[in-house]
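All remarks here apply to the structure that follows.
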Amino acid sequence: MKEDIKFYQKTWFMWIMLIFFAPVGIALLWIYHKEYATTIKTILSIVFGIFFIFILLTSKDDGSNTNVAETTQTPIRTTEAPKNESAAQPDDEPEPTIKPTKKPTVKPTTKPTVKPTKKPNKKALLRSAIEGVVEADNLETFNYVPDNNFSLIKFKGSSNLTNNMTIKGMYKDIFDILEAIQSIINTNVDFNVVYPLTDQYGNAEDVIVIKATFKKKTIKKINFDNAIFENIPIMANEWWNHPAVNLTD
């Protein structure tokens, strides 16, 4: 009676196993198929063994790449807040939403508007220079009118122990004022010096005791380093003084 051949003993099943699962196919080749020479079996075993290992390694590489791709993929979370706030876990903090950065708009640079600097108030400079010589309380009048080429300086003369010292003090004040305003003034200057005089009835009254006029050209040419203040009446273009303030020997 002819022995029944199992399906796994058949040649076609052996080839299927060699192609799709080489270890089983190689085992079937060596066990049931003695019709093949040993050399052929060896070659087939090596070829399909290598093929099987290659397929196996390739499938592992594909799987690892797939896993890496899956792990590196950022999960997409919906920004919708959960309906039940109590069910939300404290560790589940919402990820910050990154807004697209806008390119800064570069505004055209405009040249800064330079405001014209105000010219210094010459009258204020002159008053400050005068008050540097005589006290502000002693400066009774100061008029500066450049359009009329005129300035008026009226001040009180200071009192001293003797008449001559008082008069020299007035000379010195006029001299020092002219030196202080020489670089600033551009007009003719009139001086009025006031001093209290007592009449024959014993009544004291502030009286103008010196009147002097200095042209602006005269003021500019005075060399105050070498000039003597006692000569101030000679330097003046016009000079008048009260008899009570004449210098005595």
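Any value given below was found using the heavy atoms of this structure, including those in side chains, with hydrogens, waters and symmetry copies removed. In this text the structure is predicted, and so the values were computed from the model without any measurement. Each residue takes its place number in the sequence, starting with 1.
N223 contributes a side-chain N or O that, together with a main-chain N or O of D225, makes up a donor-acceptor pair within less than 3.5 Å. For the pair D199 (side chain) and G202 (backbone), a donor-acceptor distance under 3.5 Å is present. Of the possible polar contacts, none joining the K34 side chain to the L29 backbone as a donor-acceptor pair under 3.5 Å is found. At least one donor-acceptor pair closer than 3.5 Å links the side chain of S59 to the backbone N or O of I55. Under the 3.5 Å distance criterion, the side-chain polar atoms of N237 are matched with a main-chain donor or acceptor of K215. Panel note: side chain N246, backbone P243; a donor-acceptor pair is recorded below 3.5 Å. Under a 3.5 Å cut-off, the side chain of K220 and the backbone N or O of Q182 do form a donor-acceptor pair. Using a distance-only test at 3.5 Å, with no hydrogens or angles considered, no donor-acceptor pair links the side chain of D190 to the main chain of L152.
Crowding of K168 atom NZ: a count of heavy atoms from other residues, nucleotides or ligands under 6.0 Å not exceeding 12. By the neighbour-count criterion of 12 heavy atoms within 6.0 Å, atom CD of E35 is densely surrounded, having more than that number from other residues, nucleotides or ligands. Residue E135 qualifies as open at atom CD: its count of foreign heavy atoms under 6.0 Å is 12 or below. Within 6.0 Å of NZ in K123 there are more than 12 heavy atoms belonging to other residues, nucleotides or ligands.
Between H242 and W240, the ring planes are perpendicular. Angles over 60° get that label, and only those under 30° would be called parallel.
With respect to W239, the ring pair (Phe, Tyr, Trp, His ring centres under 6.0 Å) criterion is satisfied by exactly one of F214, Y171, F191: Y171.
Side-chain rings of Y8 and Y32 approach one another, their centers coming within less than 6.0 Å.
Using a 4.5 Å heavy-atom threshold, the side chains of I208 and V193 count as separate.
Atom CD1 of residue I185 and atom CG of residue L178 lie 9.5 Å apart, to the nearest 0.5 angstrom. With rounding to the nearest 0.5 Å, the separation of CD1 in I46 from CD1 in I26 is 9.5 Å.
Side-chain contact check for Y144 and N186: at least one donor-acceptor pair (N or O, by modelled atom type) lies under 3.5 Å.
Contact between A244 and L197 at its shortest, heavy atoms only, is CB-CD2, 4.1 Å. For the pair Q9 and H33, the tightest heavy-atom approach, listed with the atom from each and the gap, is O-CE1, 3.1 Å.
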